[in-house]
Amino acid sequence: FLLALALALRVDRLGSQELRGDEAFGYFFSLRPYMDIVHATLRLREPHPVASYFIQRAWLGWAGHSEFALRFISAWCGVAATALIYRLGRRLALGRSASLVGALLLAISPYAIWHSQDARMYTMSLALTLASVILALMIWQGGGGRAGAAYVVVSWLALHTHYFAAFVLLAQNLAWIVLHYRGLYARRRPGRAPDSGERAPLMVWLASQIVLALLYAPWLLAAWGALTTYPGAADSPSWAAMGVRSLSVFAVGETVPAAQRIGWAGLAACGAIAGAASLARAGDAGRRALVVLASYWLVPVLVTWLSARSRPLFNERYLIAAAPPFYLLLAAAIASNVGARSLLRRALGGIFVLALLVGAGLSLDRAYTDPAFSKTIGWRELATTMRRFAAGMPLAQIRLVDNAPDPTLWYYTGPLPHLTLPPAAHDRAASQRAVAELAAADVRRVILARKGSASWDASDIAPTTLAEAYTLIGETSVRDWMVQVYVRPPTTLTSVGARFANGVTLAAAAVEPLTLSPGGIVAVHLRWEGKPEALTGS
């Protein structure tokens, strides 16, 4: 039932919202040949590794290129993560009830659902890091070389999916050190030498870390420049802001109004603390689980925050791998209180669950119905308008243009030729050269989508350079864009030779296009001849 619920929540309206910029970028990046993906990742210093692009490229060949198909990989990984969090809970001996509650919390999490409906690598990273933690526990509990080999493969894939998976591996090693320092996995009595069975997990664990490091080192060395020079595209919050944002987003997602975040963060913190306390009281098994979950949750969040102190790298989406231990801590608190003998504790547990369910429902509703949180900002409408204005013209004679680079528009306009003006930020000379090249190539219609862009075209370079070679004949507004149509006449016009009574002659004309479409634009070019004093007017 939980897996069916997780699947239903993730495929419901999966393709209804438009792609956002990162999704469209990932789509076009994954269309390259496999080796070109590798080379482009290194050459362009793409801040994400290649595994998700490889998988998406293979998947699109089977499933097609719709928004639903693009996002289904993420949805599937979100469902897989729901199954894996249950297995993690059982592996940590949290009990069946707590493990089921943890799976329920992940299944209905607005945060997890949002990323499961986003065509990026985040839920893939979530599922792989979850599997990595489970396999790490299997090694620690004597799983042997087979578990070690599986751990290396899964962790290697996780590192090739998102670089921040390394923070989960760091958390695993921290948990391993604490557990063995505290003797929580020691089976021998004090003073007794370890036997071979007790040494085996340590040797398998150390060997797996060494092999994983050796396998990943070549890529890490090749991509080191991208990792060290990436300027960041998020922010650098304070300690308090980081705590509020991470706790509230885990609890009820990213569509919570800012004024409510502190309240939800406080509720989430109370639940996590209560879960930690219940595990601390549950003997060695509970303390083992607490060490693993606390490391698994706190290390990725804190290291992500610390890495953002020097450059703007903190974004809630980067915390996705730290969500499962948080939900299992909440699940431990819920299971402990709901199953308690005290009526007050049972009531508090029920109220807590109800609050989370209400918060999740409201958050999901905002994600689907509130324009402030929607991905849909008008790309489909804009693309429809631009296609309509290009209708009837040969592809070689039209260009769609935007004045700030965003691959989302090109996803929705399909095969129509396009470019960005200016080609580089605020570069007027480059824009003039590009417009001259369009005119020389006999491009006769340019449809420009203008939008305010302080970071790319703050001084309206696109329309002013187009006006040097083209004539503006029509414009209309679409959401936040102004769509303008620029034309220039063909090299050769059709001879007319119609002489008027005032001595003016319509020498030649051209009508483009000859095939009309509803809502389209027809450009009529007229060449007049006559005495200069008669050639006046518009």
**Message:** Checking the side chain of S109 only, and the main-chain atoms of L106 only, is there a donor and an acceptor separated by less than 3.5 Å?
**Reply:** no
**Prompt:** Can you name the residues that form a side chain to side chain contact (heavy atoms under 4.5 Å, CB included) with I273, not counting sequence neighbours?
**Reply:** none
**Message:** One thing to verify: whether E254 and R261 come together as a salt bridge, which I'm taking to mean a side-chain N less than 4.0 angstrom from a carboxylate O.
**Reply:** no
**Request:** Ignoring hydrogens and angles, tell me if any N or O in the side chain of T82 forms a donor-acceptor pair with the backbone of A103 under 3.5 Å.
**Result:** no
**Request:** Could you note down all residue pairs passing salt bridge (Lys or Arg N to Asp or Glu O under 4.0 Å) where residues 150-179 supplies at least one of them, sequence neighbours left out?
**Result:** none
**Item:** Derivation and outcome, ring pair (Phe, Tyr, Trp, His ring centres under 6.0 Å), residues F314 and Y318
**Value:** CA-CA 7 Å; F314 189 88; Y318 299 154; 8.4 Å; no
**Item:** Whether Y411 and F28 hold their rings parallel, tilted or perpendicular, with breakpoints at 30° and 60°
**Value:** perpendicular
**Asked** Using a distance-only test with no angle check, is there a side-chain donor-acceptor pair under 3.5 angstrom linking E316 and S246?
**Response** no
**Asked** How long is the span from the CG atom in L159 to the CG atom in L169, to the nearest 0.5 Å?
**Response** 5.0 Å
**Request:** With sequence neighbours left out, write down each residue that passes side chain to side chain contact (heavy atoms under 4.5 Å, CB included) with T123, or none if nothing qualifies.
**Result:** S74, C77, H115, S116
**Request:** Compare all side-chain heavy atoms of Q484 with those of I447 and state whether any distance is below 4.5 angstrom.
**Result:** no
**Request:** Look up atom CG in L157 and atom CG in L128, then write down how far apart they are to the nearest 0.5 Å.
**Result:** 6.0 Å
**Request:** Quick one: closest heavy-atom pair of A268 and F326, and the distance?
**Result:** CB-CZ, 3.6 Å
**Message:** Under 3.5 Å, is there a donor on one side chain and an acceptor on the other for W176 and H180?
**Reply:** no
**Request:** Would you please say whether a donor-acceptor pair under 3.5 Å links the side chains of R91 and Q141?
**Result:** yes
**Complete:** For residues 158-167, the salt bridge (Lys or Arg N to Asp or Glu O under 4.0 Å) pairs (sequence neighbours left out) are none
**Asked** How would you list, by chain and number, every residue that makes a side-chain hydrogen bond (donor to acceptor under 3.5 Å, both in side chains) with S208, sequence neighbours excluded?
**Response** none
**Request:** Step by step, work out the side-chain hydrogen bond (donor to acceptor under 3.5 Å, both in side chains) result for S295 and Q172.
**Result:** CA-CA 7 Å; S295 301; Q172 294 169 5; over 6 Å; no
**Prompt:** Do the non-hydrogen side-chain atoms of L92 and R288 ever get within less than 4.5 Å of each other?
**Reply:** no
**Prompt:** So does R120 pair up with D118, basic N to acidic O under 4.0 Å?
**Reply:** no
**Item:** Stepwise salt bridge (charged side-chain N to carboxylate O under 4.0 Å, His left out) check, R428 with D457
**Value:** CA-CA 9 Å; R428 180 176 296 274; D457 187 15; over 6 Å; no
**SB check R450 D460 (cutoff 4.0 Å)** = yes
**Complete:** Applying side chain to side chain contact (heavy atoms under 4.5 Å, CB included) to L135 and not counting sequence neighbours gives M138, A150, Y151, V154
**Message:** Applying side-chain hydrogen bond (donor to acceptor under 3.5 Å, both in side chains) to T255 and S363, what does each step give before you reach the verdict?
**Reply:** CA-CA 6 Å; T255 63; S363 185; 2.6 Å; yes
**Message:** F54: which residues meet the ring pair (Phe, Tyr, Trp, His ring centres under 6.0 Å) condition with it, sequence neighbours left out?
**Reply:** Y34
**Message:** Nearest 0.5 angstrom please: L416 CG to L409 CG, how far?
**Reply:** 9.5 Å
**Request:** Examine H162 together with Y122 and report whether their ring centres are nearer than 6.0 Å.
**Result:** yes
**Prompt:** Does L31 CG have over 12 foreign heavy atoms under 6.0 Å away?
**Reply:** yes
**Request:** Examine the side chains of N173 and W205 and answer whether a donor and an acceptor come within less than 3.5 Å of each other.
**Result:** yes
**Asked** What's the spacing between R399 CZ and L421 CG if we round to 0.5 Å?
**Response** 11.0 Å
**Item:** Residue R146 excluded, over 12 heavy atoms near CZ under 6.0 Å
**Value:** no
**Request:** Without swapping roles, check the side chain of Y327 against the backbone of L104 for a donor-acceptor pair under 3.5 Å.
**Result:** no
**Asked** Under a 4.0 Å N-O cut-off, is there an ion pair linking R479 with E381?
**Response** yes
**Prompt:** Near W219 CH2, under 6.0 Å, is it more than 12 heavy atoms from other residues, nucleotides or ligands?
**Reply:** yes
**Pairing residues for W59 by the ring pair (Phe, Tyr, Trp, His ring centres under 6.0 Å) criterion, not counting sequence neighbours** = F72
**Asked** On the ring face of F29, is R32 found with NZ or CZ under 6.0 Å from the centre and within 45° of the axis?
**Response** yes
**Fill in**
For A81 and L130 the tightest heavy-atom approach is O-CD1, 3.5 Å
**Message:** Give me the atom names and distance for the closest heavy-atom approach of V11 to F68.
**Reply:** O-CE1, 3.9 Å
**Message:** Exactly one of Q56, H65, R57 should register a side-chain hydrogen bond (donor to acceptor under 3.5 Å, both in side chains) with Y27. Which one does?
**Reply:** H65
**Item:** Worked verdict on H48 versus Y53 for ring pair (Phe, Tyr, Trp, His ring centres under 6.0 Å)
**Value:** CA-CA 10 Å; H48 298 293; Y53 301 129; 7.6 Å; no
**Complete:** All heavy atoms of L9 vs all of A107, minimum pair found to be CD1-O, 3.5 Å
**Prompt:** Closest heavy-atom contact between I134 and L84?
**Reply:** CD1-O, 3.3 Å
**Request:** Among residues two or more places apart or on two chains, list those pairs meeting ring-ring contact (aromatic ring centres under 6.0 Å, His included) that have a residue in residues 5-24.
**Result:** none
**Message:** Can a donor-acceptor pair be found, under 3.5 Å and without considering hydrogens, that links the side chain of Q117 to the backbone of R10?
**Reply:** yes
**Message:** Suppose we screen for ring pair (Phe, Tyr, Trp, His ring centres under 6.0 Å). Which residues come up paired with W114, at least two apart in sequence or across chains?
**Reply:** none
**Prompt:** For R87, does the CZ atom have more than 12 heavy-atom neighbours from other residues, nucleotides or ligands under 6.0 Å away?
**Reply:** no
**Prompt:** Salt-bridged, E23 to K375, with N to O below 4.0 Å?
**Reply:** yes
**Asked** Ignoring hydrogens and geometry, is there a side-chain-to-backbone donor-acceptor pair from E18 to I377 under 3.5 Å?
**Response** yes
**Message:** Using modelled atom types and a 3.5 Å cut-off, is there a donor and acceptor pairing between side-chain atoms of S125 and backbone atoms of M121?
**Reply:** no
**Item:** Any L137 side-chain heavy atom under 4.5 Å of L88 side chain
**Value:** yes
**Request:** Compute both the distance and the angle, then confirm whether R311 meets the cation-pi test with Y230: under 6.0 Å from the six-membered ring centre, within 45 degrees of the axis.
**Result:** no
**Request:** Work out which heavy atom in S155 is nearest to a heavy atom in L212; give both atom names and the distance.
**Result:** CB-CD2, 3.7 Å
**Request:** Only counting residues at least two apart or in another chain, list the ones meeting side chain to side chain contact (heavy atoms under 4.5 Å, CB included) with L302.
**Result:** W239, M242, L298
**Request:** Return the set of residues passing ring pair (Phe, Tyr, Trp, His ring centres under 6.0 Å) with H418 (not counting sequence neighbours), or none when no residue passes.
**Result:** W410
